[in-house]
Visitor: 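For reference, the structure I am asking about is given below.
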Amino acid sequence: MAPVFMAGWLRRSSMRLPGFWRNGRTAGPEPGSREMPDWRGCSGRKRRSARLAELAGLPVRPVRAVLFDKNDRADWSLGWHQDRTIAVRAEADLPGFGPWTVKQGICHVEPPFALIEGMLTVRIHLDPVDAGNAPLLIVPGSHRLGRIAVADVDAIVARAPVFSCLADTGDVWIYRTPILHASHAARPGRRRRVLQVDYAAGDLPAPLEWLGI
C-alpha cells in the first residue's frame with residue numbers, strides 16, 4: 001500500500017513545477033486565498049496526475065485548486081478541523097449532499113464523508129516554510145477516524161502526536177483529505193504561498209460536476 005494511505009501523508013522534496021497554474025477567480029473563506037479553476041495551459045498536468053496516482057495507488061485526477069498567500073496584508077490562522085466540503089459547478093438536490101454554501105460565486109457542498117475519505121490533497125510550496133512561517137500542522141493517522149464531531153476534535157488532538165509539515169521551496173506535501181490539520185498565522189515580514197490541489201477518483205453523481213481546474 002502506498003505510504004500516503006498508511007500514515008495519511010507523504011513528502012516529496014524539490015518537485016519543481018514551473019507553469020503549474022494560470023490565474024483564475026478569487027474564492028475561498030480565508031483572506032489571501034484564490035481559486036484556480038483554469039489550468040488548460042499546463043502541458044504537464046496529465047503527467048503529474050499520473051505520477052500522483054502512482055504514489056497514491058488510486059486513479060485520481062485534479063478537481064480543485066486554491067492558492068493560499070499569507071503575508072502582512074492578508075494573514076490568518078486555522079484551528080483544528082477536517083476538510084469536509086467540495087467545490088462544484090452548480091447546486092443540485094441530491095440525497096446526502098448538504099449543507100450548501102456559495103463562497104465568492106463558487107458552490108460548495110458537504111458530500112457523504114466516504115467521498116472525502118477517497119480524496120487526496122497536494123500542497124506545493126512556493127516559499128520556504130520553517131517553524132515560524134505557518135507550517136501545516138497535522139495529526140498523523142487521524143484520517144482513519146472517519147467524520148470527527150467538532151466537539152471531539154480538541155480531545156483527539158490533545159492525546160495524539162502533532163507533526164509540522166516543514167518545507168523548502170518546491171517541496172510537495174501529499175495527504176489524505178480528511179486528516180485533522182491546522183495552521184498558525186505567519187510571522188510579520190514573512191510570506192507563505194502554497195498552491196493546494198484536491199484530487200479525487202471518479203465523477204460525482206449526476207447532475208453534480210466537480211468545479212475542475
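Residues: numbered from 1 along the sequence shown.
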Visitor: Looking at R193 and D127, is there a salt bridge between them, counting it only when a charged N and a carboxylate O are closer than 4.0 Å?
Guide: yes

Visitor: Provide the closest heavy-atom pair for T85 versus P111 in the form atom of the first, atom of the second, distance.
Guide: CA-CD, 4.3 Å

Visitor: After noting the C-alpha distance and the side-chain angles of V157 and V162, does the key distance pass the side-chain contact (heavy atoms from CB on, under 4.5 Å) rule?
Guide: CA-CA 7 Å; V157 173; V162 172; 4.1 Å; yes

Visitor: Looking at G202, is its backbone amide N or carbonyl O close enough to the side chain of W210 to form a donor-acceptor pair, meaning the two atoms are under 3.5 Å apart?
Guide: yes

Visitor: Any heavy-atom pair between the side chains of E110 and P99 that's under 4.5 Å?
Guide: yes

Visitor: Membership question, hydrophobic clusters at under 4.5 Å side-chain separation (ILVMFWY): are I213 and L120 in the same one?
Guide: yes

Visitor: Looking only at heavy atoms, which two atoms of P135 and S183 are closest? And how far apart?
Guide: O-CB, 3.8 Å

Visitor: Enter the distance from E91:CD to L208:CG here, rounded to the nearest 0.5 Å.
Guide: 9.0 Å

Visitor: Taking all non-hydrogen atoms of both residues into account, name the closest pair between P140 and P161 and its distance.
Guide: CD-O, 3.5 Å

Visitor: So, taking the atom named CD1 in I116 and the one named CD1 in I179, what distance separates them when rounded to the nearest 0.5 Å?
Guide: 14.0 Å

Visitor: Any side-chain to backbone donor/acceptor pair from N133 onto P128? Under 3.5 Å, distance only.
Guide: yes

Visitor: With a 4.5 Å cut-off on side-chain heavy atoms, are M119 and R64 touching?
Guide: no

Visitor: So, the side chain of R191 versus the backbone of D69: is there a donor-acceptor pair under 3.5 Å, distance only?
Guide: no

Visitor: How about L94 and V109: do any of their side-chain heavy atoms sit closer than 4.5 Å?
Guide: no

Visitor: Are any non-hydrogen side-chain atoms of C165 and I138 less than 4.5 angstrom apart?
Guide: yes

Visitor: Under 3.5 Å, side chain of K70 to main-chain N/O of H184, donor-acceptor pair present?
Guide: yes

Visitor: Determine the minimum heavy-atom distance between W100 and C107, stating which atoms define it.
Guide: CZ3-CB, 4.2 Å

Visitor: Distance from S142 atom OG to W80 atom CH2, nearest 0.5 Å?
Guide: 8.0 Å

Visitor: Apply side-chain contact (heavy atoms from CB on, under 4.5 Å) to the pair I156 and L180, showing each step before the final yes or no.
Guide: CA-CA 9 Å; I156 292 173; L180 278 173; 3.8 Å; yes

Visitor: For the pair D203 and R61, find out whether any cationic side-chain nitrogen is under 4.0 Å from an anionic carboxylate oxygen.
Guide: yes

Visitor: Between D198 and Q196, which heavy-atom pair has the shortest distance, and what is it?
Guide: OD1-NE2, 4.0 Å

Visitor: Flag the pair W173 / L136 as yes when at least one side-chain heavy-atom distance between them is below 4.5 Å, and no otherwise.
Guide: no

Visitor: Just do the side-chain contact (heavy atoms from CB on, under 4.5 Å) check on H81 and V153 with the steps written out, would you?
Guide: CA-CA 7 Å; H81 68 287; V153 168; over 6 Å; no

Visitor: Report, as yes or no, whether the 6.0 Å neighbourhood of atom CG on D152 holds more than 12 heavy atoms from other residues, nucleotides or ligands.
Guide: yes

Visitor: Taking a hydrophobic cluster as the set of Ile, Leu, Val, Met, Phe, Trp and Tyr residues connected by side-chain heavy atoms closer than 4.5 Å, whether directly or through intermediates, do L126 and V122 fall within one such cluster?
Guide: yes

Visitor: Using the side-chain contact (heavy atoms from CB on, under 4.5 Å) rule, take H143 and Y175 through it: C-alpha gap first, then chi angles, then the decisive distance, then the call.
Guide: CA-CA 9 Å; H143 64 291; Y175 64 90; over 6 Å; no

Visitor: For the side chain of Q82 and the backbone of G146, is there at least one donor-acceptor N/O pair under 3.5 Å apart?
Guide: yes

Visitor: Test I86 against every option in T177, L204, L211 by the side chain to side chain contact (heavy atoms under 4.5 Å, CB included) rule and name the one that passes.
Guide: L204

Visitor: What I'd like to find out is whether the side chain of D168 reaches to under 4.5 Å of the side chain of H125, using heavy atoms alone.
Guide: no

Visitor: I174, L195: one ILVMFWY side-chain cluster at the under-4.5 Å cut-off?
Guide: yes

Visitor: Hydrophobic clustering (ILVMFWY, side-chain heavy atoms < 4.5 Å, transitive) - are V129 and L67 grouped together?
Guide: no

Visitor: Is it possible for you to say whether V194 and F163 belong to one hydrophobic cluster, with membership spreading through side-chain heavy-atom contacts below 4.5 Å?
Guide: no

Visitor: Please name the pair of heavy atoms, one in R84 and one in A149, separated by the smallest distance, quoted to 0.1 Å.
Guide: NH2-N, 4.2 Å

